[in-house]
Structure formats: C-alpha cells, structure tokens
Amino acid sequence: MSYSTNQFKSGLKVMQDGDPCSIVEAEFVKPGKGQAFVRVKLRNLKNGRVLEKTFKSGESIEGADVVETDMQYLYSDGEYWHFMEPNTYAQHQADSTAMGDAVKWVKEEDTCAVTLYNGVPLQVSPPNFVTLKVTQSDPGVRGDTSSGGTKPATLETGATVKVPLFIQEGELLKIDTRTGSYVSRAKE
Amino acid sequence: MSQPSKGSPLWRPTADWSRLRLRARILRQIRGFFEARGVLEVETPLLAGATVTDPHLASLETRLGGPGGRRLFLQTSPEFAMKRLLAAGSGSIFQICKAFRNGEVGRFHNPEFTMLEWYRPGFELEQLMEEVDDLLQLVLGGPAARRRTLAQVAEEYGGFDPHGASAQCLRQRAVDLELSGLPDLPEDDRAGWRDLLVSHVVEPRLGQGSPDLIFDYPVDQAALAEVSSDSGAPVARRFEAYVDGVELANGYQELRDAAELRRRFESDLAERQERGLPSVPVDENLLAAMESGLPFCSGVSIGIDRLVLLAAGAEALEDVIAIPVDRV
C-alpha cells in the first residue's frame, strides 16, 4: 500500500527512513510557476520525535502497517506485558518502551488501546480513567495548607499521585491517566 | 490535506458573512476600476477542448454526452480563449471567472478558484505592472509596490542565481540553508532545486511591508511570455505580485510567435511523457489565432480568493470562499 501526496492528511500512517510515522500536518506549497511540494510534519511512532520532510507533489510513499486495537491486559512477567485480543484470544507482548507511562496505570483485566506495527505492540495507551486502590498514604494533618491541601498517596500499581487530605489507605480512587491526577473517590 | 474543520455542520458555509460582503465589495471595485479605464468585460467558456501543456498543472477532465461525445477540460485559466478574442480585435478586455487546477488543495489553494484576468494591447510589461500596482492599492489600501528582479531577491534572501546556477550548486544552497527534510529530487534537476529554494526561502519573504512586483524570470519558465535578451542574458518577460508572502498575480508580455509557442507546447508534451503524466491535446485554435495575428500586448491574472483573504486579514482560503472543495 502506498499513498500519493494528495492523499496526505493528519493521522495517516506512513513509512519514513525505515520507521513507522504518523502525519501530523501536511502543507501544499507551490511557487508561482514550476514544481509544487508538500511539506509534512511526521511523528515517528517508535520514538515520538517529530520530523519535517518535503515531498514533490504527486510523489508516493509507502504506508505503514499500523493498526490500533483494544486489548485486555493480562499480566506482566517482569520483562514483557501481555495483552489479549478479546475476539480472537490472540496474545501479544509489549516491551517497556511500548508500555511507556502506561505501566503506572494499568492493572490486570484493564482494556488498553494497543498500537500494532507489523503485528508487534508499538505503543500502549491506558484507559483515560482508571480505578486504583491506595496502598499507602500518611494521615492528613488538618489545617496544614503548606501543601495546598494535598498529600502524596501510593497506588496499587506503584504510582504516586497527589490526593486530598481526607483520603485514607485502602480507598479506591478514580485517576485521569492523561494528566496523572486524582479525580474523585470511586466505588468498586 | 483537508483544512481544519470549522467545527460547524458540513452543509454550512465556512466563510463569515462579513467576509462574503467584503468579497462582493471587492468584485464591484474591480469592475469599477476597469470600467473607468475603458476595459471591456468578457466571458469565455469554462469548458475547453484543449488545455494547458505545463507539466506542473493538472487539468480536470469531463466528457460531453451525445453523439460524438468529446473529451473536454475545465480551464486552468481563461488565457487561451481570451487570446482568441484579442486576435479577433477585441481591444482591452477583462474577465472574472472560475478556473480549475486538479490536486491543488491547501491553505492558499482550492482546486476551483476565482480568477481575474485582463489584457492590454499596446502595453509593455512595465505599464501593466503599474496598472496591477494601482489595482492592489485600490483594493488593499496599502503602499505602492516595490519592483525587483527575481535575480535580486534570490541573491538577497537565498544567495543563489536563479538563471545560471547549476543543479549541484542550488542543491548545496538548500543544504547550507538547513532546509529540513529535503525532497528526493534528482541531483541534476536544476529547475526542481531552484523551485524548492524559490518557494521555501524567497517567496515567504516577499511582499512584507509593501507588495512586491518581481520580474525577469528564467527562460524555462517563460510559459506564454516573450523571451528578451535586451539587458544581457535572456529572461522571460514575466512578473509576479506578492503580498505578505502570498503569490497574487502572474503577468506576461505576451508571446506572439505561433511557431515558438508550438515548440514550447511540444517540449512540454515531451516532458509530460518522460514523467508519465497524461498527454493533453494542443490548442490548435489558439495557435491559429496567433498565426492570424495577436496584437502586441501584456496580460495578467490575479487570484481573487487570495486577494479577498489578504484584504480581510484572513488565515486560509476557506475563510473567504463560501463553500470550499471539502464541502462540495
């Protein structure tokens, strides 16, 4: 599968310098007379870096075999994080690079968006909101405003978040994984 | 490369009413400008039996129904038809019409756009540049334009010679100027590397503070303009107008030699074949009109959508076109 420059749009997955990339933006540039160009910003899906590349208008580049699928997180063996496609039961293992920040938030049975490149997990996105138990947090001191009315709490995944002073060990919290912040108390 | 959505339902126009009223006012101003100067408004068909041969322009095609249905094109400009009127004795004429260029979509491009084109028999290129300057001052209310050659601005902003530099030298300039992500152009593609430098380095700096009228173009970009060697090395008698880095107008002192035009068409067709681009028929009616005699004249076209964009201080063409191509 290859794409001509006139099919370029943001989100299109293409190969550039041997790596899968996602098009961030594409701008058509044409001088008064002569050759037209398409100037593209691409995000390298392996390392997250944004690069620029200019193409001749009408040029074609290879598409990248990149798909995003919802998968259930099963377990970690310390080196890999194992996921399963719910419909096919096919299992995939993601390394710590693909996991990135997701390691701080996912627990078993959570559904994550897994980006597969040539069938291998490239990136794992946790759900926007997760519910996690507080495993450790010192009792809050009433009247202590030096910390803005918050204190640190360690969650069952090992992540630390700032929580209001009234939160106690053993409580369930709703966390926004995009900002890594406490939202509210949660029920089971 | 669709434009960012305006966030409104797709049936709605993308341009504000204030911009569309401004557009109507500018069209009235233009008609008043030409009426006062005795230039006749004409209309020619948008459908054409032949089209531009320039390998860098792609025409939209259609097919006429009925017996003996013909392959027709949507015009990329009214130039060929208007020159037939000139050869038939029209005198000074102008037209405001739609023109079409396939594949040109972006912030400053809509594949269907509105073009103002006019011709002035008896005018040297410099006289027409003066008239373009007058019109831009009337519509945009800005200062008079600066006039510089392409060689001057290429040297000043890019440190290269657009006429004489070798492909290798132009490519090296692109590297030295640290243009990011250079395109995969052949090393010997002199015109390609020059077009890259002109579009990425020179054009964005033109028309800042006052409009720029840039003249004397490389001969391989002569298109339908005369080539002159009056001031030394041959140059195409063309000019372009720029405002705020946006190309607004393209003018020629018109080529009148039909045999030379046929040679240029054939050279374009050979290049099309080389690049694997579709072949197009040559406009025999235009060639016949030129053989019968095109008066000495200069002609220019201005992109009306871009003119309104600049007058409105808008960001993109979709702000001044009621219904851009991604909503048709």
Side-chain angles (χ1 to χ4, degrees), chain A residues 1-66 68 117 128 178, chain B residues 1-4 54-58 101-111 150 162 174 179-186 189 191-204 206 214 217-218 220-223 225 236 238-242 247-251 275-277 326:
Chain A
M1 185 72 186
S2 70
Y3 297 99
S4 157
T5 55
N6 56 31
Q7 294 171 283
F8 285 8
K9 59 179 184 205
S10 66
L12 188 72
K13 308 293 190 297
V14 295
M15 294 300 292
Q16 182 62 32
D17 301 329
D19 279 344
C21 294
S22 176
I23 290 181
V24 181
E25 59 180 51
E27 188 189 5
F28 182 76
V29 180
K30 186 168 193 193
K33 272 270 179 288
Q35 178 71 57
F37 299 95
V38 178
R39 203 158 49 203
V40 182
K41 273 191 189 147
L42 301 140
R43 178 174 292 108
N44 182 315
L45 293 173
K46 279 190 168 167
N47 57 31
R49 279 194 210 114
V50 173
L51 61 142
E52 288 186 357
K53 175 76 188 169
T54 302
F55 296 93
K56 273 192 296 182
S57 182
E59 201 176 335
S60 287
I61 58 171
E62 198 191 329
D65 176 14
V66 172
E68 196 182 278
Y117 165 52
N128 289 345
R178 294 163 296 185
Chain B
M1 248 176 303
S2 64
Q3 296 296 310
D54 185 336
H56 299 299
L57 291 178
R101 294 183 184 182
N102 206 356
E104 302 194 359
V105 188
R107 196 175 147 207
F108 298 119
H109 294 84
N110 196 56
L150 182 67
L179 293 187
S180 54
L182 292 180
D184 303 319
L185 294 169
D189 186 358
W193 290 106
R194 179 199 59 213
D195 295 347
L196 178 77
L197 288 170
V198 169
S199 60
H200 283 64
V201 180
V202 180
E203 289 188 337
L206 298 177
I214 307 299
Y217 275 74
D220 67 284
Q221 295 188 321
R238 277 185 55 197
F239 74 94
E240 304 242 8
Y242 289 86
E247 186 226 356
L248 203 52
N250 177 20
R275 291 169 173 249
L277 297 169
D326 55 359

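First the proteins, then the strands, lettered A, B, ... as listed; each starts at 1. All values reported here derive from a predicted model rather than from experimental measurement.
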Interchain contact, [X] with chain A, by part (heavy-atom threshold 4.5 Å):
{"X": "B:Asp184", "result": "both"}
{"X": "B:Leu196", "result": "both"}
{"X": "B:Asp220", "result": "neither"}
{"X": "B:Tyr242", "result": "side chain"}
{"X": "B:Arg101", "result": "neither"}
{"X": "B:Arg238", "result": "side chain"}

Measuring from [X]:[atom1] to [Y]:[atom2], what's the distance to the nearest 0.5 Å?
{"X": "A:Lys33", "Y": "B:Asp195", "atom1": "NZ", "atom2": "CG", "answer": "11.0 Å"}
{"X": "B:Ile214", "Y": "B:Phe239", "atom1": "CD1", "atom2": "CZ", "answer": "11.5 Å"}
{"X": "A:Ser60", "Y": "A:Asn6", "atom1": "OG", "atom2": "CG", "answer": "8.5 Å"}

* Tell me, yes or no, whether the heavy-atom count around A:Lys56 atom NZ, taken from other residues, nucleotides or ligands under 6.0 Å, exceeds 12. => yes

* Determine whether B:Glu104 and B:Leu57 make a side-chain contact, defined as any pair of heavy atoms from C-beta on separated by less than 4.5 Å. => yes

* **Pairwise side-chain contact, B:Leu197 with B:Pro162, heavy-atom cut-off 4.5 Å (strictly under)** => no

* Asked: Picking from A:Arg43, A:Lys13, A:Arg49, A:Lys46, what satisfies salt bridge (charged side-chain N to carboxylate O under 4.0 Å, His left out) with A:Asp19?
  -> A:Lys46

* So which part of A:Glu59 gets closer than 4.5 Å to some heavy atom of chain B, the side chain, the backbone, both or neither? -> side chain

* Asked: Hey, which of A:Leu42, A:Val29, A:Val40 has the most heavy atom pairs under 4.5 Å with chain B?
  -> A:Val29

* To do: For each of A:Gly58, A:Pro31, A:Ser57, tally heavy-atom pairs with chain B at distances under 4.5 Å, and name the one with the top tally.
  => A:Pro31

* Structure fact -> Given B:Glu247, B:His200, B:Arg194, the one with more heavy-atom pairs under 4.5 angstrom with chain A than any other is B:His200

